[in-house]
Amino acid sequence: MTVKKVAVVEWSPKGVHHREDYLAEEVAVALVYNGISHVVMMCTPQSLDAFAIGFSLSEGIIQRPEQIYGITVSPHSLGIEVHIELSSRCFMELKQRRRALAGRTGCGLCGTEQLTMLPTPTQSLPFTQYFSLSYLESALEQIKYQQPIGQQTACTHVAAWVNEQGKVCAGFEDIGRHVALDKLLGARAGASWAMSGCVLISSRASYEIVQKAISCGVEIVCAASAATQRAVDLAEEYGLTLVGFSRGNRAVVYTHAQRVIN
């Protein structure tokens, strides 16, 4: 179950009304690598295989999906454990830089022990992809169908892949924008629909969003809201085209505008 029905009391200028409302389920999900718990995130409990792959890629734990040998999802009374079997080499590297963090809905860096441990991309992006901003209005309409929980509860983010023809090929929702993006990046790894296009995300563009996109080779990110200064700096340095205020009839291109056209 990802949506729960509850009784609420609604106040408005028209009076007080008793009615039913819908809440998105929020579950503690632990990612466990080769038997060692690495991170706990509050998530919407669906598409957890894709989340495990995307998180592993975007955090630099693996470089290719093939370096994960198996994924097992195990429900528990306190939440869900996702057991990930890593290659020996990846696991040894993970142990050397392992950090214990307890993630909350809006936080991607909670628990990082030192400033030098902040994740950064390893290389700049090539310039191989292009996107027409004229497709944004259609793409924003399409992603509504990728967000059934959000349509009921109004409390999830969605991250979608839009191809160069403006078609939404895949979309994933979650209470956490970083988790929604990780789910998309995990599904995108090796998918035929991910050859060209951009990420469209229904949130602001923070440092973590940009870092994850660059780490997974995404060249264009369109965010529904603003970008932060740190996100723009990172996008500029590593060659990401970052677009904010993607509202259909308006968009603000912060960096590397040569990839986008009218």
Should Val218 and Leu185 be marked as a side chain to side chain contact (heavy atoms under 4.5 Å, CB included) after you check the CA-CA gap, both sets of side-chain angles, and the distance that decides it? CA-CA 9 Å; Val218 174; Leu185 294 174; 3.8 Å; yes
Validation row: [X], [Y] side chains within 4.5 angstrom (heavy atoms):
X	Y	value
Gln129	Cys198	no
Leu240	His256	no
Leu136	Cys222	yes
Phe51	Met41	yes
His38	Leu94	yes
Lys212	Glu59	yes
Val82	Thr72	no
Thr128	Glu219	yes

Restricting to non-hydrogen atoms, name the atom on [X] and the atom on [Y] that form the minimum distance, rounded to 0.1 Å.
X	Y	result
Ala170	Gln146	C-OE1, 4.3 Å
Ser202	Ala224	CA-CB, 3.8 Å
Ser132	Ser134	OG-OG, 2.6 Å
Val221	Ile201	CG1-CG2, 4.5 Å
Cys216	Leu57	SG-CB, 3.7 Å
Phe245	Ala226	CZ-CB, 3.5 Å

Any chance you could lay out the salt bridge (charged side-chain N to carboxylate O under 4.0 Å, His left out) test for Lys5 and Asp21, step after step, and finish with the verdict? CA-CA 6 Å; Lys5 186 184 295 186; Asp21 203 353; over 6 Å; no
Show, in sequence, the C-alpha distance, side-chain angles and deciding distance for Trp11 and His17, and conclude whether the side chain to side chain contact (heavy atoms under 4.5 Å, CB included) test is met. CA-CA 7 Å; Trp11 179 92; His17 302 278; over 6 Å; no
Atom CG of Leu78 with >12 non-hydrogen neighbours under 6.0 angstrom: no
Is the count of non-hydrogen atoms from other residues, nucleotides or ligands lying under 6.0 Å from Gln123 atom CD greater than 12?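 12 or below, so no.
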In Å and rounded to the nearest 0.5 Å, what is the [atom1] to [atom2] distance from [X] to [Y]?
X	Y	atom1	atom2	value
Leu184	Glu173	CG	CD	13.0 Å
Ser58	Ile214	OG	CD1	12.0 Å
Thr44	Ile175	OG1	CD1	4.5 Å
Leu31	Ile61	CG	CD1	7.5 Å
Ile209	His178	CD1	NE2	4.5 Å
Phe131	Gln165	CZ	CD	10.0 Å

Evaluate the criterion side chain to side chain contact (heavy atoms under 4.5 Å, CB included) for residue pair Ser206 and Arg177; output intermediate values, then yes/no. CA-CA 10 Å; Ser206 61; Arg177 63 187 186 277; 3.8 Å; yes
When clusters are formed by joining ILVMFWY residues with side-chain heavy atoms under 4.5 Å apart, either directly or through shared neighbours, do [X] and [Y] land in the same one?
X	Y	value
Val253	Val162	yes
Trp161	Phe172	yes
Val73	Val39	yes
Ile149	Val158	no
Leu125	Val243	no

Does a donor on one side chain and an acceptor on the other come within less than 3.5 Å for Ser56 and Tyr33?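 Per modelled atom types, Ser56 and Tyr33 side chains form a pair under 3.5 Å.
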Using side chain to side chain contact (heavy atoms under 4.5 Å, CB included), reason through Val199 and Leu181 one step at a time and then give a plain yes or no. CA-CA 9 Å; Val199 164; Leu181 179 59; 3.9 Å; yes
For [Y], is there any backbone N or O sitting under 3.5 Å from a side-chain donor or acceptor partner on [X]?
X	Y	value
Ser47	Ala50	no
Gln142	Val168	yes
Asn34	Leu86	yes

Think Arg259 forms a cation-pi with Phe127, using NZ or CZ under 6.0 Å from the six-ring centre and within 45 degrees of its axis?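 Yes, Arg259 sits over the ring of Phe127.
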Pairwise salt bridge (Lys or Arg N to Asp or Glu O under 4.0 Å) hits with a residue in residues 124-145, at least two apart: Glu141-Lys144
Going by the salt bridge (Lys or Arg N to Asp or Glu O under 4.0 Å) test, which pairs reach into residues 67-91, not counting sequence neighbours? Arg89-Glu93
